[in-house]
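Below: one structure, written as structure tokens.
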Protein chains: 2
Amino acid sequence: MKELVSRCPIEEVMQLLGGRWPSLLIYYLSDGTKRFSDLQRDNPTISHKMLTLELRKLEDAGIVRRTDFDGYPRRVEYGLTEDGERLVPLIDALGDWWGSMVAAPADATVVAAD
Amino acid sequence: MKELVSRCPIEEVMQLLGGRWPSLLIYYLSDGTKRFSDLQRDNPTISHKMLTLELRKLEDAGIVRRTDFDGYPRRVEYGLTEDGERLVPLIDALGDWWGSMVAAPADATVVAAD
DNA sequence: CTGTATCCATCCCGATACTG
DNA sequence: CAGTATCGGGATGGATACAG
């Protein structure tokens, strides 16, 4: 079943950003334009293949802009679109939320188990 | 995890919320406390097994609180913790962002269907 | 009703090799 | 340098059966 018409936009956006890499790549790109090999250096553990696929996915979603200067050797640059930039603070907010979680463990939030 | 801890909290929080179901379950639970079978009805396409696993994951993360009234038949209720509640608007913001994306495509190519 | 365990198909992803 | 294609192992998740 490939047809998933999400009723909830949340479901869709999580499909896009949910994996391990998308948000990380966005994070690194928020720093400025980078080349393919720069991103490889930033993320030493991502495979060549996955970097390509993730970038393509983000590009298709309109989050990442790809610029191909085809000379030799080839040179391609990746950067965030405006939509991508707008996404950064939202992702950041999730990070802050997570930070507040680990700072104050869930134990303390349990209220009077009667 | 097997490897080093993520430098970026984003990476961690996405590992948690990234899949198809977590955010949806949180959405449904933001509505109020629900039983296992209620959630099954809300999400007709999730399998029994995955519902259990996802709920357990969210519970372990301190997002969901599980209350087991063990009578007969058994009855278990799920609800959001305070941390979970605080997460809702953040997820919502992502949904809004996504909504603004589809509303105004970055690339106006396909719009004109003459 | 809720939860656990098992089996098994599927898919994701890394490694590798090749192209321009 | 950047991208594509292919293969195979391992993780992921559905179906099912069973337990409390």
Side-chain angles (χ1 to χ4, degrees), chain A residues 1-4 6 11-12 14-25 28-29 32-61 63-80 113, chain B residues 1-4 6 11-12 14-26 28-29 32-61 63-80:
Chain A
M1 302 253 226
K2 46 181 40 274
E3 45 65 41
L4 71 102
S6 325
E11 189 174 343
E12 297 178 349
M14 279 307 178
Q15 291 278 351
L16 175 66
L17 302 176
R20 177 174 180 185
W21 304 115
S23 49
L24 263 192
L25 293 179
Y28 284 120
L29 288 176
T33 300
K34 305 242 182 163
R35 299 182 56 173
F36 187 87
S37 46
D38 293 330
L39 291 170
Q40 276 190 311
R41 258 186 300 281
D42 288 337
N43 305 275
T45 62
I46 194 174
S47 70
H48 187 144
K49 175 184 175 181
M50 284 313 293
L51 182 52
T52 303
L53 290 181
E54 297 289 348
L55 284 172
R56 185 83 59 232
K57 185 173 70 173
L58 294 176
E59 187 193 355
D60 289 345
I63 294 176
V64 160
R65 176 177 39 240
R66 176 178 177 276
T67 313
D68 189 338
F69 309 86
D70 48 21
Y72 186 82
R74 191 167 185 179
R75 180 175 156 213
V76 178
E77 289 190 349
Y78 293 92
L80 292 183
Chain B
M1 308 314 169
K2 48 193 59 176
E3 182 103 10
L4 50 92
S6 328
E11 190 174 341
E12 297 178 350
M14 280 306 176
Q15 292 279 348
L16 176 65
L17 302 177
R20 178 176 179 184
W21 304 114
S23 49
L24 263 193
L25 293 179
I26 291 169
Y28 284 119
L29 288 177
T33 301
K34 305 243 183 161
R35 300 182 56 172
F36 188 86
S37 46
D38 292 330
L39 291 170
Q40 275 189 312
R41 257 187 299 281
D42 288 338
N43 304 275
T45 62
I46 193 174
S47 70
H48 187 143
K49 175 184 174 181
M50 285 311 293
L51 182 53
T52 303
L53 290 180
E54 296 290 349
L55 284 172
R56 184 84 59 232
K57 186 173 71 173
L58 294 176
E59 187 193 355
D60 289 345
I63 294 176
V64 161
R65 177 176 37 241
R66 176 178 177 276
T67 312
D68 188 338
F69 309 86
D70 49 22
Y72 186 82
R74 192 169 185 177
R75 178 174 156 216
V76 178
E77 288 190 350
Y78 293 92
L80 293 183

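Given the structure is predicted, the values throughout are model-derived calculations rather than measurements. Lettering follows sequence order; numbering is per chain, from 1.
Note: CD (A:Q40) to C1' (D:dG3) measures 11 Å, nearest angstrom. A:R41 places its CZ atom 13 Å from the C1' atom of D:dA2, with the value rounded to the nearest Å. Taking atom CZ of residue A:R75 and atom C1' of nucleotide D:dG3, one finds them 17 Å apart after rounding to whole Å. Summarising the geometry, the separation between NZ on B:K34 and C1' on C:dT2 is reported as 17 Å, rounded to the nearest angstrom. The separation between B:Y72 atom OH and C:dT2 atom C1' is 11 Å, rounded to whole Å. The interatomic distance linking A:L39 (CG) with D:dG3 (C1') rounds to 14 Å, in whole Å. Nucleotide C:dT19 holds its C1' atom 15 Å from the CG atom of A:D70, rounded to whole Å.
Applying the 6.0 Å contact sphere to CZ of A:F69 captures more than 12 heavy atoms from other residues, nucleotides or ligands.
Between A:K57 and A:D60 there is no salt bridge, since none of the side-chain N atoms of the basic residue sits less than 4.0 Å from a carboxylate O of the acidic one.
Looking only at distances, no side-chain donor or acceptor of B:R35 sits under 3.5 Å from a matching main-chain atom of B:E77.
Proximity of A:R35 to the phosphate of D:dA2: a side-chain N or O atom is located under 4.0 Å from OP1 or OP2.
Side-chain contact between B:Y78 and B:L25 is absent, with no heavy-atom pair separated by less than 4.5 Å. Residues B:M14 and A:R20 fail the side-chain proximity criterion, which asks for heavy atoms closer than 4.5 Å.
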(message) Across nucleotides 3-16 of chain C, 5' to 3', mark each nucleotide with B, S or - according to how protein heavy atoms within less than 4.0 Å reach it.
(response) BB-B------BBB-

(request) Decide side chain to side chain contact (heavy atoms under 4.5 Å, CB included) for B:W21 and B:T45; before the verdict, give the C-alpha distance in whole Å, the side-chain angles of both, and the deciding distance to 0.1 Å. (result) CA-CA 10 Å; B:W21 304 114; B:T45 62; 3.1 Å; yes

